[in-house]
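The structure presented is a predicted model; accordingly, all values stated were derived computationally and were not measured. Residue numbers count from 1 along this sequence.
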Amino acid sequence: MAEPAPVHEGDARAPRAARATPTAGNLARRRALGLLGSLVVAGCFVWLMRAGTLPVVPAAEHLARVPAWVPVAYGAVWLLVLTLRAMRWYWLLRPLRPVSMRRVLTVSFIGYGALLLLPFRMGELVRPALIRQQGGISGWAATGSVGAERVLDGLYLSALLFTALQIARPLDPLPDRIGELQVSAAVVPGAAYTALAVFFAGFVTMGVFYWRRAWARRTTERVVGLVSPRLGVWLADRVEHVADGLRFLPRFRYTGPFLAVTVVYWAVNAAGIWMVCRGAGVTGLTFGQACVVMGVLALGVLVPNAPGFFGAFQISVYAGLSMYIAPRDVVGPGSAAVFWLYVLQIGVTFLGAGAALLVERISPKDALAAAGDQQAEAGEPGAGPA
């Protein structure tokens with residue numbers, strides 16, 4: 001009889017006991033607190049939408065006006081958006097270690113499903129946790145590539161949103177409420193400009209750590225070390241490893257494809273939102289205005305929130321629409337657009353994640369456990385890189 005294959009600690013299919021870590025209890029407590037916090041956040045969003053009469057499920061009359069081809073077409077568009085989004089990671093990983101495009105796609109789709117399932121964006125750890133197991137890439141290097149992708153995405157999206165805000169003509173004056181929620185639509189441009197500044201600062205910080213690593217590390221340890229020397233070392237480690245994800249930048253054979261696919265990815269994303277809004281009856285919305293709605297949505301779900309981005313998703317789209325269409329249309333045909341955008345994005349993402357799990361032959365439990373191990377290794381100040 002053949003001897004059983006050895007079990008490696010990093011293998012997602014290994015028994016839980018083989019992958020136990022000293023911080024397992026802390027990790028369980030953090031997950032429980034995260035779940036409780038996410039329920040509180042979801043409840044707050046439900047209260048906000050009820051207070052603003054922003055429908056989660058639109059009236060039947062508004063749903064009936066949406067042609068059947070619109071949700072079918074948008075389901076296909078969203079699948080293309082996810083595929084383009086996943087493809088870009090291939091060029092971020094190439095300077096670290098070659099990984100097949102097939103594996104990049106399947107791991108990415110699993111990660112996108114986990115991102116919806118887990119609260120407070122804890123699903124971000126699933127992609128690096130899975131890619132390191134068979135890709136021969138260290139956990140921190142993989143995490144750094146994901147972090148760099150997030151910062152670059154945020155920088156590009158913020159710049160796109162800033163440009164679209166200059167081009168797309170809003171209502172004049174802007175409504176003093178979103179639906180019946182007493183929040184002015186004027187908060188949208190302010191949030192966009194703030195996001196651009198934040199992501200630009202993040203990009204500069206990573207660039208300094210990449211090109212002037214020794215100086216940046218010493219400075220971080222000294223400044224933060226005034227409060228806590230251990231925290232200073234921990235923070236410097238984290239930023240340094242995230243900066244490793246920028247290793248592709250000086251090499252055009254990686255930078256060129258990444259940026260090209262990024263442009264197409266966001267353009268297709270905006271076109272899909274424009275199609276759904278117009279199909280739902282928001283006929284006056286232009287493509288530039290749809291870019292603003294997309295940007296507001298992307299920034300709205302970027303911060304930690306409830307599972308499935310519930311609440312943050314709906315309010316973000318409503319906020320974007322409120323800049324360009326009358327309040328009665330925001331909660332009228334606009335509510336049908338919000339409903340189909342949410343249902344199809346969530347549904348197609350989960351279906352894609354399920355198919356990817358079958359291809360990779362791992363269970364959802366094992367995928368989440370691998371992310372838990374990554375979190376346990378990375379989550380405590382003073383813990384070393386994987």
Charged N-O contact under 4.0 Å between Glu221 and Arg230:
no
How would you list all residue pairs meeting side chain to side chain donor-acceptor pair (under 3.5 Å) that involve residues 320-344, not counting sequence neighbours?
none
So, do Val104 and Ser108 sit near enough that their side-chain heavy atoms are less than 4.5 Å apart?
yes
Please find the pair of heavy atoms, one from Ala164 and one from Cys291, that lie closest to each other, and give the distance.
CB-CB, 4.0 Å
Indicate the atoms forming the closest heavy-atom contact of Ile362 with Leu130, along with that distance.
CD1-CD2, 3.9 Å
Should Val81 and Trp266 count as side-chain neighbours, where that means a heavy-atom distance under 4.5 Å?
no
State the CG-CG distance between Leu344 and Leu79, to the nearest 0.5 angstrom.
11.5 Å
Mind checking whether Leu93 and Ser145 have side chains closer than 4.5 Å, heavy atoms only?
yes
Decide side-chain contact (heavy atoms from CB on, under 4.5 Å) for His62 and Phe339; before the verdict, give the C-alpha distance in whole Å, the side-chain angles of both, and the deciding distance to 0.1 Å.
CA-CA 10 Å; His62 298 304; Phe339 173 80; over 6 Å; no
With sequence neighbours left out, which residue pairs that include part of residues 63-86 fulfil the salt bridge (charged side-chain N to carboxylate O under 4.0 Å, His left out) condition?
Glu61-Arg65
Could you state whether Val282 and Leu171 fall into the same hydrophobic cluster, counting links through intermediate Ile, Leu, Val, Met, Phe, Trp or Tyr residues with side-chain heavy atoms under 4.5 angstrom apart?
no
Would Val317 and Val296 satisfy side-chain contact (heavy atoms from CB on, under 4.5 Å), going step by step from the backbone distance to the final call?
CA-CA 7 Å; Val317 179; Val296 175; over 6 Å; no
Taking the six-membered ring for Trp, are Trp91 and Tyr254 ring centroids under 6.0 Å apart?
no
Minimum side-chain heavy-atom gap Arg94-Arg251 below 4.5 Å
no
Specify the closest pair of heavy atoms between Leu357 and Pro364, including all atoms of both residues, with the distance to one decimal.
CD1-CG, 3.6 Å
Got Leu297 and Val293 here, is their nearest side-chain heavy-atom distance under 4.5 Å?
no
Once rounded to the nearest 0.5 Å, what's the spacing between atom CG of Leu299 and atom OG of Ser158?
5.0 Å
Report yes or no: do Val343 and Leu351 belong to one cluster of Ile/Leu/Val/Met/Phe/Trp/Tyr joined by side chain heavy-atom distances under 4.5 Å?
no
Within the structure provided, determine whether Pro71 and Val66 are in side-chain contact (heavy-atom separation under 4.5 Å).
yes
Is it the case that one hydrophobic cluster holds both Leu80 and Trp69, taking links as side-chain heavy atoms less than 4.5 Å apart, direct or via other members?
yes
Mind checking whether Gln345 and Phe350 have side chains closer than 4.5 Å, heavy atoms only?
no
Counting only heavy atoms not in Arg169, do more than 12 fall under 6.0 Å of its CZ?
no
Taking the side chain as C-beta and beyond, is there a heavy-atom pair between Leu105 and Met101 under 4.5 Å?
yes
Please round to the nearest 0.5 Å and tell me the distance separating atom CG of Leu259 and atom CG of Leu152.
8.0 Å
What distance separates Leu196 CG from Phe162 CZ, expressed to the nearest 0.5 Å?
7.0 Å
Side-chain donor/acceptor of Thr106 to backbone N/O of Arg103, under 3.5 Å:
yes
Shortest non-hydrogen contact between Leu161 and Gly295, atoms and distance:
CD2-C, 4.1 Å
Say whether, by atom type as modelled, one donor and one acceptor occur between the side chain of Gln314 and the main chain of Phe310 under 3.5 angstrom.
no
Passes salt bridge (Lys or Arg N to Asp or Glu O under 4.0 Å), Arg102 versus Glu360? Steps please.
CA-CA 10 Å; Arg102 183 202 65 81; Glu360 289 293 318; 3.3 Å; yes
With side-chain contact (heavy atoms from CB on, under 4.5 Å) as the test, would you mind laying out the steps for Leu157 and Phe199 before giving the verdict?
CA-CA 10 Å; Leu157 178 65; Phe199 282 112; over 6 Å; no
Assess, by modelled atom type and distance only, whether the side chains of Arg278 and Thr283 contain a donor and an acceptor separated by less than 3.5 Å.
no
Using modelled atom types and a 3.5 Å cut-off, is there a donor and acceptor pairing between side-chain atoms of Trp78 and backbone atoms of Val348?
no
If you apply the rule side-chain contact (heavy atoms from CB on, under 4.5 Å), what do you find for Ile346 with Phe313, and how did you get there?
CA-CA 11 Å; Ile346 300 300; Phe313 186 106; 5.8 Å; no
Which value, rounded to the nearest 0.5 Å, describes the distance between Ile273 atom CD1 and Phe287 atom CZ?
9.5 Å
Co-membership, hydrophobic cluster, residues Ile167 and Trp274, 4.5 Å side-chain
no
Please give me the minimum heavy-atom distance between Ala356 and Ile110, naming the atom from each residue.
CB-CG1, 3.6 Å
Do Val198 and Val146 sit in one hydrophobic cluster, given that two such residues count as connected whenever their side-chain heavy atoms are within less than 4.5 Å of each other, even indirectly?
no
Smallest heavy-atom separation, Leu165 atom then Ala192 atom, equals CD1-CB, 3.6 Å
Could you tell me the separation between the CG atom of Asp153 and the CG atom of Leu302, rounded to the nearest 0.5 Å?
9.0 Å
Sidechain-backbone polar pair: Tyr318 side chain, Pro55 backbone, donor-acceptor under 3.5 Å
yes
